[in-house]
Enquirer: 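Below you'll find the structure I mean.
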Amino acid sequence: MNKIMYLEFERCIGCRACQAACRECGDHDAKERNYVEYVDFTESRQTFPMLCMQCKDPACARVCPANAIQITDEGVVLSAMEEKCIGCRNCTFGCPFGIPKFDFESNKMYKCDMCYDRTKDDIAPMCASVCPSEAIRFIDFDEMQQLRRRRTQMNLVEGKKPQEGNKWEYVPEFFGVYTDSQR
Amino acid sequence: MIKLEKSFYSKASMYSFFAVLLLFFSMWVSTSNFLHIDMALLGYMISSFIFAIGLGIRMSFWLYRKATSRVASRSTENLFDIERLKRSAKSIFRTLIDNIILQKFIFRRGIYRGIQHIMISWGCLISFGVTFGLTFGWFRFDLIDPETYQVVVFNIPTMTMAAHGLFAELVYNALNIGAIMVMIGVCMALYRRLTNYDVKVTQRFEFDILPLLILLAVTATGLFLTISYTFLDGWMHHYMSLTHQVTVVIMLMYFPFGKLFHVPIRPLAAAVPMSYQEIVKVDTKACKGCGQPYSNDDQIADVQAILKAQDIDFKLADGTYLSDYCTGCRRRIRVMKQMNMEAPMGDPYGPVNTNNGIHISGFGKKRSEEFYGMDKKAREDSKEENEHEPVSR
């Protein structure tokens, strides 16, 4: 898998097409695994999409007492294996981003697996393929780096100028230290 | 206990040793000093001992995991807490009935899957019970008179039964019944695994299909033995009994290390109502952010302890942990942080934040003092050095 998911929260228009698409994905039992939520409903109608970060060392797997959460060769963190999951919900509390969901009826945890059946063949996940405002994108690594740089240029567009004391705040993340360019 | 442990190579080998010792002792008692050993089952006996060793090792390693040991030790503590006796008994009983015997949660995932699983599991449990019972001599049948058998359990004579009664026939054919159940279940499971696209996405041959094939081989060879001696005058019986033995040995060797290991870990499900969520969908601990109940104190304490034991640090600047917030609040915290919108303390007019704080951009930027993990004395020393350092940059 040479592509990556790229989220831009500000671009979300709150149409929830990604959630509808997620429900349609195979093996999801018509339950969405991603989130679209309000940043602050009393302030504005701004929403943000939220997916699993597919951590390299996932806290959800670390706190699972049954060792049920597995990671594929491509680095996708899968939902808990149904035969192992004992339904304790530790993963939902361990996850720093609040991603895993729990189905009390059938006693299993389910989480975003980046539509593993699609992404393992470099097809965009359901949510990214339907997002009308490109808040969720499934793009090449190089394209992502370009977008990242443009994102820092946005500061200049908005009239925020770097000064001697804070110029490093304006440099894109991973500047000069990113080594894992194969992914 | 610590001294005893020192005389073994590892904890795992100690527990395996005691498992073997216990089995050997139970054999000694139930076969009245090895008088009633069924020598035809010798191969099964040896492989069962190896099975016990494998299971001992695998269970030890599983319990050695930080998360498992934390959950298991809390549950054992609660089990022996007299004040929680009622709750513990109730949760164990309910888990046993709903989760293990009736397997209701699998039926809720689908009737087909429920039937398939209950067939395999109960067929296997019946077969395992009969096989281990006979190989270790835990029970045997003594002929009292030509029409009556007596069931001897652990060398204690119990009930008698007519040699051709209904109960006796059921007992004789217990393995056949178990095998037919497993065979039906395995065929259903194989059909599902081979045709259902959703399952095929994440399944792996060696993990999901292989155990089914092994079980199928065991049941097929076992049932052929019955067919051989009832309909075919014992044709190929000797060779097939050897083949059956080989398949059973493979299955017993595979059991602790493959998918079938989910059987011995399932009882941990009792820990959920016992120490965590007593009533389904009823939470007691309130979220630090929004005040909504989302969990309970014991579970959050456990999660934080497990994370700490594995050096995963989710402590926020104000001393709270991320797991003190409900999932919704945690998602919001991430978004606010990423968009540099952490009102009211954050700076909404600052640059759009592209740093996650893990990778520091630039070369001249110093991390906070705590990052370097120096003690107080060393920190002061280094400060002095910095002060006297000649400035040449």
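Here is how names work: the chains are called A, B, and so on, in the same order as the sequence lines, proteins then strands, and each is numbered from 1.
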Enquirer: Among A:Pro96, A:Cys88, A:Cys95, which residue has the highest count of heavy-atom pairs closer than 4.5 Å to chain B?
Expert: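 Maximum pair count with chain B is reached by A:Pro96.
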Enquirer: B:Ile106, B:Val201, B:Thr202: which one forms the most heavy-atom pairs within less than 4.5 Å of chain A?
Expert: B:Val201
Enquirer: Name, in order of residue number, those residues of residues 272-279 of chain B that have a heavy atom at a distance of less than 4.5 Å from a heavy atom in chain A; otherwise write 'none'.
Expert: B:Val272, B:Tyr276, B:Gln277
Enquirer: When rounded to the nearest 0.5 angstrom, what is the spacing between NZ in B:Lys104 and OG in A:Ser106?
Expert: 15.0 Å
Enquirer: How many angstroms lie between CD1 in B:Ile312 and CG in A:Asp57, if you round to the nearest 0.5 Å?
Expert: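 If we round to the nearest 0.5 Å, B:Ile312:CD1 and A:Asp57:CG are 5.5 Å apart.
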Enquirer: Given that the side chain runs from C-beta out, which part of B:Tyr294 has a heavy atom under 4.5 Å from chain A: side chain, backbone, both or neither?
Expert: both
Enquirer: Ignoring hydrogens and angles, tell me if any N or O in the side chain of B:Arg332 forms a donor-acceptor pair with the backbone of A:Asp40 under 3.5 Å.
Expert: no
Enquirer: In terms of heavy-atom pairs under 4.5 Å with chain A, which of B:Lys200, B:Arg331, B:Arg330 leads?
Expert: B:Arg331
Enquirer: Kindly give the heavy-atom pair with the smallest separation between A:Cys64 and B:Ala67, and that separation in Å.
Expert: O-CB, 3.6 Å
Enquirer: Return the set of residues passing salt bridge (charged side-chain N to carboxylate O under 4.0 Å, His left out) with B:Arg193 (not counting sequence neighbours), or none when no residue passes.
Expert: B:Asp208
Enquirer: Given side chains that start at C-beta, do those of B:Phe207 and A:Met81 come closer than 4.5 Å, heavy atoms only?
Expert: yes
Enquirer: Identify which part of B:Leu268 has an atom lying under 4.5 Å from any heavy atom of chain A, answering side chain, backbone, both or neither.
Expert: both
Enquirer: Between B:Val335 and A:Met50, which heavy-atom pair has the shortest distance, and what is it?
Expert: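 Residues B:Val335 and A:Met50, closest heavy atoms: CG2-CE, 3.5 Å.
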Enquirer: Look at atom CZ of B:Arg204 and say whether more than 12 heavy atoms of other residues, nucleotides or ligands are closer to it than 6.0 Å.
Expert: yes
Enquirer: At what distance, to the nearest 0.5 angstrom, does CD1 of A:Ile86 lie from CZ of B:Phe105?
Expert: 11.0 Å
Enquirer: More than 12 non-hydrogen atoms from neighbouring residues, nucleotides or ligands closer than 6.0 Å to CZ on B:Phe61, yes or no?
Expert: no
Enquirer: Nearest heavy-atom pair of B:Leu307 and A:Ala59: which atoms, and what distance?
Expert: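 That would be CD2-CB, 4.0 Å.
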Enquirer: Is there side-chain contact between A:Phe48 and B:Arg334, with heavy atoms separated by less than 4.5 Å?
Expert: no
Enquirer: Pick one of side chain, backbone, both or neither for B:Val71, based on which atoms fall under 4.5 Å of a heavy atom in chain A.
Expert: side chain
Enquirer: Sorted by first residue and then second, give each salt bridge (Lys or Arg N to Asp or Glu O under 4.0 Å) pair with at least one member in residues 62-78 of chain B; sequence neighbours left out.
Expert: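 Sorted result for residues 62-78 of chain B: B:Arg70-B:Asp302, B:Arg74-B:Asp298, B:Arg74-B:Asp302.
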Enquirer: Give, as side chain, backbone, both or neither, the part of B:Ile300 having an atom under 4.5 angstrom from any heavy atom of chain A.
Expert: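 Side chain only.
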Enquirer: Quick check on A:Cys91 against chain B: is it the side chain, the backbone, both or neither that has a heavy atom closer than 4.5 Å?
Expert: neither
Enquirer: Would you check if A:Arg62 and B:Ile306 make a side-chain contact, meaning some heavy-atom pair closer than 4.5 Å?
Expert: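 The answer is no; the side chains never approach within 4.5 Å.
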Enquirer: Are side-chain heavy atoms of A:Asp117 and B:Tyr197 found at a separation under 4.5 Å?
Expert: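 Side chain of A:Asp117 against side chain of B:Tyr197, heavy atoms only: contact under 4.5 Å found.
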Enquirer: Could you list all the side chain to side chain donor-acceptor pair (under 3.5 Å) pairs where at least one residue sits in residues 78-94 of chain A, not counting sequence neighbours?
Expert: A:Arg33-A:Ser79, A:Glu82-A:Lys108, A:Glu82-B:Arg113, A:Arg89-B:Asp283, A:Asn90-B:Gln299
Enquirer: On a heavy-atom basis, which atom in A:Ala66 and which in B:Ile265 lie closest, and how many Å separate them?
Expert: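 The answer is O-CD1, 4.1 Å.
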Enquirer: Under a 4.5 Å heavy-atom cutoff, which of A:Asn67, A:Asn107, A:Val39, A:Asp113 has the most pairs with chain B?
Expert: A:Asn67
Enquirer: Do you know the tightest heavy-atom contact between A:Phe93 and B:Ser323?
Expert: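 The answer is O-CB, 3.3 Å.
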Enquirer: Where on A:Phe102 is there a heavy atom nearer than 4.5 Å to chain B: the side chain, the backbone, both, or neither?
Expert: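 Answer is neither: A:Phe102 stays 4.5 Å or more from chain B.
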